[in-house]
Amino acid sequence: MREPDYPLQGTGRSGVQPQQHLQPKITKEKKIERLFHKLRLDINHRLRAADVLQITAHSLQSRESCAEEELIQTYIQKLLIMNYRARFVKNNQTINTVHPMDVQMAVFHCAHGLLKQIMVTKLSQCQYALPLLVPHPFTQQIEFPLWTFRQINKSWKIRNTSDEIISQTQLIYKAETPMVFFFRFGSVTSSKSQLMNSLINEKHNTFFHRNCPGSSRTRELMDGVVEISWFCPSGSYDDNFTECVAFCNLHGDAGDHEKQLQILTDMSSVNVILLPRLDKNDRNMLKLQEYYEGSKPLIFLHIEDVSTVTEIQTGQFKIGLKGRNQSEVSEELRRAINVCLSESSQTFRLEDVSKHSDIRVDEEDDDDCRRGREAAQKMMSLLKKKDLREIKESFLPHQGKLWHQWSQKNRELHQPRADEIEMDISRKHDSLPSLAAEMMISGFPLELMDGDAAHVPVIWISAVLDQLVQKLGDQRVFVLSVLGLQSSGKSTMLNAMFGLQFAVSAGRCTRGAFMQLVRVSDEMKTQMNFDYILVVDTEGLHAPELSGRSTRHHDNELATFVVGLANLTLINIFGENPAEMQDVLQIVVQAFMRMKKVRLNPSCVFVHQNVSDVTAGERNMEGRRQLQQTLDEMTKLAAKDEVCDAECFSDVIRFDVQKDVKYIPHLWEGNPPMAPPNPKYCENIQELKKTIMTHVSKSHGMRLKDLKVCINDFWEALLNELFVFSFRNSLEISSYRKLETKYRKWSWSLRRAVMETENKIHNQIENEVIHEVEEQDLHRELKKTSAEVEKSMSGFFEKDRDKYILIQWKTSFEIKIRDLQENIVRETKRRLNVILQQRDLKKMIDAQRTHHENTIYEKSKELPSKLKVKANVEETLKKEFNLFWEQSVMKIIIRDTPSIRDIDIMRDVREILSDLYESAPVDHWRESRDIFTVMSYSDYVQLKKSSGITETFTNAVRTPQEKLGYIPSSEDESQIRSFVTDVAQQTDRMIQSFNISKMGYNRSYIQQLIDYIKTRLTQHEEGRVKYVFKNELFMDLVLSICKRSNITEQHRLFKEDNDPVLYLKKKREEYYSVFQKYCHGAASAAMFGEIICQQLKELIEQSIYKRTARDIADEMRTYCESLNGNRSMLEKHILKTLAEEEDFNKYRNYIHNPRDHFKSFIRDEVSRYITDQFSVSVLPKMKGNIELLQQKIMRAARESTEHVQEKRGDAGLWLKSFTQQLSDYLILSEKHLSGVKHDDVEDFNLLEDVIKRELPAIMTEISRRFNKNTFPVNLDLKFRPDELLIGHFCQCCWVQCPFCGATCTNTIENHDGDHSVSFHRVRGINGTCYHSTQNLCTDICTDLVWSNQLFSTPCGMIPFKYYRRAGGVYANWHITPDLSELLYWKWFVCRFQRDLEKYYNKTFEGSGKIPYTWRTYSKQDAIESLEKNMY
């Protein structure tokens, strides 16, 4: 497109009046001429897009300052990569510096139409104001550059009347929006542009103003320029404006630019005028009067006024600026504009500016542009309101159904004759390849692979490449391709890097693959050995529009094609974790091994986009090394399948992990839609570009003719080969972990339902409503939840994006869920049956307590009638009651029931053990150690006696120390520790089953524990171990288990509830209340109602705490970050917390007692959550549960009254109905009131009214006692939220690796199959030493099991690679010989080296010397390795 050139001298310029002096005009023109000369620009020689889009030495540099002659190049290059700092490039000149906006406008004036459009599009992306009306620098002819706006889209969100968010995206030239026009008369001290910025985006200089970096006092090209920008709301409640609003800014004195002023004031919705103090005779006063008297909303900003916003009249405001706070002024102005906009119906449409006369419109006054526009409009009228596929079918029939059918048939048959159809198409349209080649030369992309048909039209592409050869010669090209997931920023990255025009937006923009040429400048050709870079952009992998197995095959084919075609492939990853992309690379590796015919040697660069901390990523050398190892490992595995000798990833794809992994931060600096691009993004894109150019300079590339052959050969190879991508890859691992997370949610749903059911049936058992529990009863209660889980599972396996990967685990997880349900039902039945059995044993306790209560209630009722004086004096009543309490009540209690004694379980333990071991040292009890924290078990074991060949062999290898006693190996230590942990776990369960808080303590419980521990010790010694335990281990194990148990605490709770002295003491005020009311003549029904309410008080409180505990556990499973995932996620948070706290003692507990540490961590999380969230979450739940229970009690009272009246029953029937209705929610039955006489209760309406009246007061009293300090104390031991969550997370496998101590990650306790763990640890962490040394190990299990190193077993020394042959615990572990390891543990060893050495009394020396590279890892690196690998 050719634009008219304007002479430097001319006549008849618009806006120049005859009466004006000539000298100032010449001075102004001379200044502008001097400016263009300074900047090395000539307005008669247009800058073209092709000139600035090529690869030059300057385009590879990143400069913040430069010489005057380089300002233009630097500005354009920064703008092309969307770096908004382009306007802030410093000029090395110290005097007469060029104003940044003069640089921008000089480029604009000298740019050819296409470059001008690119420039304005990039300015828009940088969230800068755009030139709307531009006076020619010499003729003053005003131009409206409409065509430059044609590519600009704006997106925004608004809220409708229903408060729903509606998203809108429009081409900005079509958008109809309100428009606010800012201008000034005269000279003002306040910055109009700066004030506008505060309305649009206070963090970004949308309009350049005098206080911006680089601003100078003089500017030559901005006076009379009108700039426009749009505020786009985000749908947030704090948006400055609720709709998209255009803002126009007229630079300079508006009085000097009448045409611009007239156009914009006519089209605006609101006019905002900055005013200095003007004389009455000022030339602008008439204009002001006209605006003042007009109907259009108007805002005056007075420079010399100090007043706040004032409404002069409807739709007109005045705001003073002098001495005012900028923020206050901005807020007042924003409110005033919003008021004005609400009163104005006028909208602004950019296209309508062209309707004004006496201005030049580029689309109308340029011949090329006009013809192009007419042709485009004609084409669009044909295509309007048609789907893309319909368009292809109608206007390009060979691109429609026929093409798709042919593509499919070509895949199925792949016979040479099939190409005849494509050849025929090409012959019919001989001119098209030439046009396509011209488009590519002009800088437009061309489709390489049809995204709809997933097919490469080889004949067509060959024809276009032939035309390129004809037009350009057989040029040398370097092919750069990009691969990445959909919406990961591939096209945006390429556009920013090379100034290209690949389509970008949210969702799927690119379909198939497109290629675009980027020219290399003449100066760079000799350095790079290339004439062009061919950039290949691809559609996003794993697109949701496609689904299922076809998606994977399509992605596999696309990835293989573009990587094979390219000299360099950018593997674009959104974030730092490459797991989701590794499957693509694995497919590519295997594909290239099969592509013998192609013989390509490509390379790749990993680009991690959207990385929050680029420097941390760059430092993470371990992450790079792990990536390299993973890629090498998959290459070896693929090589076995393909019978290929490739040993590492670089044998297949050229890749340097140190240089070819790049980190790029977030694209946006803030939140869209008003956020500008992040300058750090742009700078890192520039660095990536340099890396690419390094690859380019080292590559031989290919000629255009070679490229044509390569495309043909490669596509042929893909069609000839039926790829079977059966490689088990990282996508499968990611999918499996996703499945595990889902499994945790499903299992929690079942556990939550079972908890509800168990609580309900528990209440029914206590209320003697049911007398047996069967599994089918529990399954029936679970039926609804089970069906929901089953439906959710089916939906997940059928609809998930990776369903074709997940299908392989469907059956096993269905079995897993079924087994889980069976297990929890079976365990629940066992617990409920224990309660049933204990109920009968408790009857005597409960009956005795109930008898005492009811007897005292009756005596409290009888006492008033026996008093000689019916005294109403409170003092007398109190005195009589106290006498009655001391003489009658306390005597009854002491006579009938002895107090419950306190217990000393450790005394009982010592006595029982003393009976077993009379010869135990006298001071052993005092010297006993905590078995769970000992460093070594060497003092607890001795060599097992053996005979025969084994004994001979053992004696031969025994050290002198071993002959004196026995020194357990590291494996022995690990084995004993696992044994001790398991015994502790099982005894914990036994203690829970005793139900001491309800049944009380019995010395026989200790005997049962001791007998169990003794049996387990014997069984262990009879296994394949070469040691036996000394008596000291047995005693210390028993003592340690009993010390850490909560038996004493449970007994205390039992005593509080069942010791009559303590219990009735709490009830004294209730009895006095009964006594007092009877003295005042209360009716029997009223008193009976009060007694019921008093009985309900404690039961209600118990129920509320249980219910709230379940609710909190449920909420934390949803919202607490550490507890809302699977066990792996929980462990990641535990390890992060440990790293942040750096407490070695806590680490020690985690390493040696992981289950205890998990429990402790969960308890801490719950305690913190309750404390932090008590007022906003816990308390509202408790109050909600109280209201719910109050409603149930009220309803039960009402329905019981109706039932009795209908049946004409007595108080006994009322009570039976009342308790039965509440039996699911409260432990309340008729027996609780069996001793209270109610024969004379006849007025049931009164009884109901009393309950309705008294119950709210009771509920209020209970609510008042709720606070975050007493809440944890009042929770039931079994129904605490932490215990519920511990039950969910900790009922899994806790077996530790016999080598390193890492805990098995299986989520099922006593699971079938082998134990395994995702990441093993450094063995020295567990205290393991190298054989016959005191040197702690620095190796890792996964390295060892493919080595020939030996380890000690009861059967002698065995190679690690055959570790299963050792039998016992070793035989049950699956340890894969791979390179998976967690950087975290290497950091830990370095950070706590001294602590580990002191704790184990061993050193990291000799064979165990810590590698130097480990010491380079920081704590942040360690935490990042958790984030990267554990999910």
Side-chain angles (χ1 to χ4, degrees), residues 48-60 80 114-115 426 430-449 456-482 494-495 497-502 513-538 561-570 598-603 689-690 692-715:
R48 295 182 172 272
D51 300 324
V52 300
L53 292 178
Q54 62 184 341
I55 304 293
T56 63
H58 194 279
S59 72
L60 300 177
L80 287 175
L114 178 58
L115 177 58
S426 287
D430 282 340
S431 62
L432 290 180
S434 178
L435 291 172
E438 282 288 351
M439 284 181 61
M440 289 191 71
I441 294 168
S442 299
F444 290 93
L446 182 75
E447 188 179 59
L448 173 60
M449 175 186 279
V456 177
V458 175
I459 306 299
W460 161 251
I461 295 297
S462 297
V464 174
L465 291 174
D466 286 339
Q467 288 296 316
L468 279 175
V469 171
Q470 280 192 24
K471 296 174 185 295
L472 298 174
D474 195 8
Q475 300 289 310
R476 298 164 298 175
V477 292
F478 179 92
V479 182
L480 172 70
S481 68
V482 63
L494 295 175
N495 290 351
M497 198 182 306
F498 298 109
L500 306 181
Q501 299 185 64
F502 292 122
F514 284 77
M515 56 183 181
Q516 186 169 346
L517 283 172
V518 178
R519 188 159 69 91
V520 176
S521 66
D522 293 337
E523 61 173 329
M524 294 294 290
K525 284 179 182 179
T526 53
Q527 297 178 33
M528 297 171 60
N529 300 316
F530 289 99
D531 303 296
Y532 287 88
I533 293 176
L534 183 73
V535 182
V536 179
D537 188 20
T538 60
F561 178 71
V562 298
V563 172
L565 183 65
N567 302 107
L568 173 66
T569 301
L570 301 179
V598 180
R599 300 179 187 275
L600 295 179
N601 186 27
S603 57
K689 189 175 181 181
K690 290 179 184 178
I692 292 169
M693 293 306 117
T694 302
H695 279 270
V696 172
S697 63
K698 295 176 181 177
S699 173
H700 299 294
M702 65 188 87
R703 297 280 177 177
L704 282 171
K705 287 181 179 178
D706 297 329
L707 175 64
K708 183 181 76 169
V709 173
C710 181
I711 291 173
N712 184 70
D713 285 352
F714 208 85
W715 187 243

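Side chains included, hydrogens not; waters and symmetry mates left out as well; all remaining heavy atoms used. For clarity, every value in this text was computed on a predicted model and none was experimentally measured.
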Between the main-chain N or O of V458 and the side-chain N or O of S462, is there a donor-acceptor pair closer than 3.5 Å?
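Looks like yes, one N/O pair under 3.5 Å.
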For M524, is there any backbone N or O sitting under 3.5 Å from a side-chain donor or acceptor partner on Q527?
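It does not hold such a pair.
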So which heavy atom on [X] is nearest to which on [Y], and how close?
X    : Y    : answer
L114 : S442 : CD2-O, 4.3 Å
V52  : L80  : O-CD1, 3.6 Å
A513 : V536 : CB-CG1, 4.2 Å
L448 : P457 : O-CD, 3.5 Å
T569 : S481 : OG1-OG, 2.9 Å
N529 : S697 : ND2-O, 4.3 Å

How about M515 and I461: do any of their side-chain heavy atoms sit closer than 4.5 Å?
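Sidechains of I461 and M515: in contact.
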pair Y532-L468: side-chain heavy atoms closer than 4.5 Å
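Not in contact.
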Determine whether F514 and L494 satisfy the following criterion, side-chain contact (heavy atoms from CB on, under 4.5 Å), listing intermediate values before the conclusion.
CA-CA 12 Å; F514 284 77; L494 295 175; over 6 Å; no
CA sep, side-chain torsions, deciding dist, call: W460, L432, side-chain contact (heavy atoms from CB on, under 4.5 Å):
CA-CA 9 Å; W460 161 251; L432 290 180; 3.8 Å; yes
Taking only residues two or more places apart in sequence, or in another chain, which ones meet [X] in a side chain to side chain donor-acceptor pair (under 3.5 Å)?
X    : value
E523 : none
Q475 : none
D474 : none
K705 : none

Could you pull out all residues at least two apart from F478 that satisfy ring pair (Phe, Tyr, Trp, His ring centres under 6.0 Å)?
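Scan of F478 (ring pair (Phe, Tyr, Trp, His ring centres under 6.0 Å), adjacent residues dropped) gives F530.
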Nearest-0.5 Å distance, [atom1] of residue [X] to [atom2] of residue [Y]:
X    : Y    : atom1 : atom2 : result
L707 : L534 : CG    : CG    : 6.0 Å
R476 : K525 : CZ    : NZ    : 7.5 Å
M497 : I55  : CE    : CD1   : 9.5 Å
Q467 : L472 : CD    : CG    : 10.5 Å
L435 : L446 : CG    : CG    : 11.5 Å
L704 : K471 : CG    : NZ    : 13.5 Å

The criterion is salt bridge (Lys or Arg N to Asp or Glu O under 4.0 Å); which residues satisfy it with R519, sequence neighbours excluded?
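Salt bridge (Lys or Arg N to Asp or Glu O under 4.0 Å) check on R519 returns nothing, list empty.
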Assess whether side-chain contact (heavy atoms from CB on, under 4.5 Å) is satisfied between I692 and L570, documenting all intermediate values.
CA-CA 9 Å; I692 292 169; L570 301 179; 4.0 Å; yes
Assess the residue pair V520 and V696 against the criterion (side-chain contact (heavy atoms from CB on, under 4.5 Å)); give the C-alpha distance rounded to whole Å, side-chain angles, the decisive distance to 0.1 Å, and a yes or no.
CA-CA 11 Å; V520 176; V696 172; over 6 Å; no
